[in-house]
Each structure stands twice: as C-alpha cells, then as structure tokens.
Amino acid sequence: MNPKRLPIYLALDGMEISQCLQLCGKIGDRITGVKANSLWRKQGASIASLLMHAGANEVFADLKLHDIPNTVANDTKDVAEAGAGVLTVHASGGLEMMQAAVKASPGLRILAVTVLTSLDALAVGKIYAGPLFGVALRLARLALTAGVWGLVCSPEDLLFLRMSSHFDPDGLQFVTPGVRLPQGNTHDQKRVRTPFEAIRDGADYLVAGREVTTSSQPLEVLKRYEEEIERGLEERALAERIISGTT
C-alpha cells in the first residue's frame, strides 16, 4: 500500500467500465477514491463493488440527490448498502432533505453541493435571486445545520466561506471540483483554480477528472498534482502561522 495517498477523488464520468476498472488498478492506491456519477447511473449500484475490487480505495457516489426527504432517505440507504463511502446531495434541497440523508445511514458521509462550478454570478442571480457568495454562504450554513460531513464548492468560494464572520466551518470537509493544472482546459466549468490555489485556500480534497482519465500517463499527471498540493499546504501553513502570530 502506498503510504502517501493524495487527497484526490478521481471523476470517472464519460468512461467505459473497462477503462474505469483498468485505471483503478493503475492508480487506485495513489488517491483517496474514485467518483462515479454517470457511471453509477449507467451501471447501477453494483459498480461500487466492481471499482473497489479493481483497486479503488473508496467509491464516491456523486448522485447529487434532490428530492423530497423520504425519497432521498431511501436512495441514501441504497447507496450505503452498495458500499459507497461518500454521497452528494444538493444543499438547495433544504434542511429536512439533508437531515434525512444524514440520518438514513450514519456510516455514509454526506456532502452537500452548494453552487455548481458551471454557474457564474449572472446565472446564480437568475436562479437564486441573490449574489453568488451570498447564496453559497446561505447554502453552506444550511448544510452545517443539517449535520453533513462536508461541502462541495467552487475553489473560488473557499476563502470566502472559510473566513466569513457569519459562518464557522470548523469540522466541515471542503471538497472542490473545478480544479485544473496551470494552463489546463477548463472545459464546461467557469469558476476554476489550480490545485495549488485550491489547497492553499482551504480545500481538504480535490476532484480531478479529464486531465487524469484522458492521459496516457495518469501517474505523471498525479505527480504534478502532488507537487501543487504540497506547495499549497506549505502556503496554507505559512498563512495560518502569520494569522496566529507564531512566525
């Protein structure tokens, strides 16, 4: 077992199952886990055990549940029974819905999605009738009250949420999609940062995707992520020492 597992969930979206299983065998031990969205919906709950048998350390069911509390509770139980370790729900589904997910299966870690990285300030204003950071904060506070394990948010929102005087995120895990290596293709995501910037600003876990899954040398790409993560942790530690006055 590799002693240095990177805080990365690898998104397996858009891949054939044979490719996913092969990739898990190559890099599963180097990362925290793999994230299944379209793959889960296409293959069903059995995909969790297949991925773990292939070498994945953990399966993250990125289903972004958003329904009435009873339906979400039932779906959460099914995901837990399938063997997944992490599940996403939409914070905009409301307090009772998130609480239902948390209570349905205590062993399953629930992540609440705040504002999608594909939405910019204009889109957020049209959908939620409020400013982007204000909406992200309101959803984050609701998720905290619900007792979720963590938040999924854009890396652009990290510092605002971490430093807001109206929100104490102590104990919450921050998982950030919308992460790209320098000069990387942002694809359909609008609010993105580099791995260095995301870790520096407070991310606990990163979601990597096509940069790794489409590469002929995925381990080399992960090495670049590792370098960025290490620099980000050093910068974060320095900032914390400055703030605490221990430098």
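Residue indices begin at 1 and follow the sequence shown.
Glu156 CD to Asp120 CG: the interatomic distance, rounded to the nearest 0.5 Å, is 10.0 Å. Here the CD-CZ distance, from Glu227 to Arg231, works out to 9.0 Å after rounding to the nearest 0.5 Å. Remark: Cys24 SG to Leu12 CG distance equals 5.5 Å, nearest 0.5 Å. A distance of 9.5 Å separates CG in Leu139 from CG in Leu151, rounded to the nearest 0.5 Å. Atoms OG1 and CG, from Thr194 and Asp201 in turn, are 9.0 Å apart once rounded to the nearest 0.5 Å. The distance from atom OG of Ser92 to atom CD1 of Ile127, rounded to the nearest 0.5 Å, is 9.5 Å.
Remark: Arg162 pairs with Asp204 by the side-chain hydrogen bond (donor to acceptor under 3.5 Å, both in side chains) rule, at least two apart or across chains. Under the side-chain hydrogen bond (donor to acceptor under 3.5 Å, both in side chains) criterion, Thr213 pairs with no residue at all, not counting sequence neighbours. Qualifying side-chain hydrogen bond (donor to acceptor under 3.5 Å, both in side chains) partners for Thr88, counting only residues two or more places apart in sequence or in other chains: Asp62. Judged as a side-chain hydrogen bond (donor to acceptor under 3.5 Å, both in side chains), and not counting sequence neighbours, Arg224 has no contacts. In this structure Glu234 satisfies the salt bridge (charged side-chain N to carboxylate O under 4.0 Å, His left out) test with no other residue, sequence neighbours excluded. Every residue meeting the salt bridge (charged side-chain N to carboxylate O under 4.0 Å, His left out) condition with Lys223, not counting sequence neighbours, appears here in chain and number order: Glu220.
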Under 3.5 Å, side-chain donor or acceptor atoms of residues 74-87 against the rest of the protein: list the pairs with distances, not counting sequence neighbours.
from: Asn74; atom 1: ND2; to: Asn70; atom 2: O; distance (Å): 3.3
from: Thr76; atom 1: OG1; to: Val72; atom 2: O; distance (Å): 2.7

Taking distance alone, no hydrogens or angles, what donor-acceptor pairs closer than 3.5 Å link side-chain atoms of residues 96-103 to residues at least two apart or in another chain?
none

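Between Leu158 and Cys153, the closest side-chain pair of non-hydrogen atoms falls below 4.5 Å. Taking 4.5 Å as the limit, some side-chain heavy atom of Val207 sits within range of a side-chain heavy atom of Lys35. Between Leu144 and Pro169 the shortest side-chain heavy-atom distance does not fall below 4.5 Å. The side-chain heavy atoms of Glu240 and Arg236, taken from C-beta on, include a pair separated by under 4.5 Å. Within the 4.5 Å cutoff, the side chain of Glu226 has heavy atoms near those of the Glu230 side chain. Side-chain contact between Leu65 and His90 is absent, with no heavy atoms from C-beta onward closer than 4.5 Å. Val192 is not listed as a side-chain neighbour of Val179, based on a closest heavy-atom distance of 4.5 Å or more. Looking at heavy atoms from C-beta onward, Arg5 lies in side-chain contact with Asp29 at the 4.5 angstrom threshold.
Among pairs with a residue in residues 125-141, none fulfils salt bridge (Lys or Arg N to Asp or Glu O under 4.0 Å), at least two apart in sequence or across chains. Listed by first then second residue, pairs satisfying salt bridge (Lys or Arg N to Asp or Glu O under 4.0 Å) with a partner in residues 39-61 read Glu16-Lys42, Glu58-Arg109, not counting sequence neighbours. For the ring-ring contact (aromatic ring centres under 6.0 Å, His included) condition, the pairs that include at least one residue of residues 156-180, sequence neighbours left out, are Phe133-Phe160. Screening residues 196-239 for ring-ring contact (aromatic ring centres under 6.0 Å, His included) gives Tyr9-Tyr205, Trp149-Tyr205 as the qualifying pairs, with residues at least two apart or on separate chains.
For the residue pair Leu95 and Leu142, the shortest heavy atom distance occurs at CD1-O, 3.7 Å. Of all non-hydrogen atoms in Val34 and Ile31, the two that sit nearest each other are CG1-CD1, 4.2 Å. Closest approach of Thr114 to Tyr128, counting heavy atoms only: O-OH, 4.3 Å. Closest non-hydrogen pair, Ala198 versus Thr176, comes out as CB-OG1, 4.0 Å. When all heavy atoms are compared, the tightest approach of Leu222 to Val212 is CD2-CG2, 4.2 Å. In terms of heavy-atom proximity, Leu10 sits nearest to Gly209 at CD1-O, 3.9 Å.
Ser49 contributes a side-chain N or O that, together with a main-chain N or O of Ser46, makes up a donor-acceptor pair within less than 3.5 Å.
Leu51 pairs in a side chain to side chain contact (heavy atoms under 4.5 Å, CB included) with only one of the listed residues (Ile17, Asn57, Leu23, Leu39), which is Leu39.
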Derivation of the side chain to side chain contact (heavy atoms under 4.5 Å, CB included) call for Arg200 and Leu233: CA-CA 6 Å; Arg200 177 198 64 191; Leu233 288 172; over 6 Å; no
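Clustering ILVMFWY residues whenever any of their side-chain heavy atoms sit less than 4.5 angstrom apart, transitively, puts Val89 in a cluster other than the one holding Ile68.
The pair Glu211-Arg180 fails the salt-bridge criterion, with no side-chain N (NZ, NE, NH1 or NH2) lying under 4.0 Å from an Asp/Glu carboxylate O.
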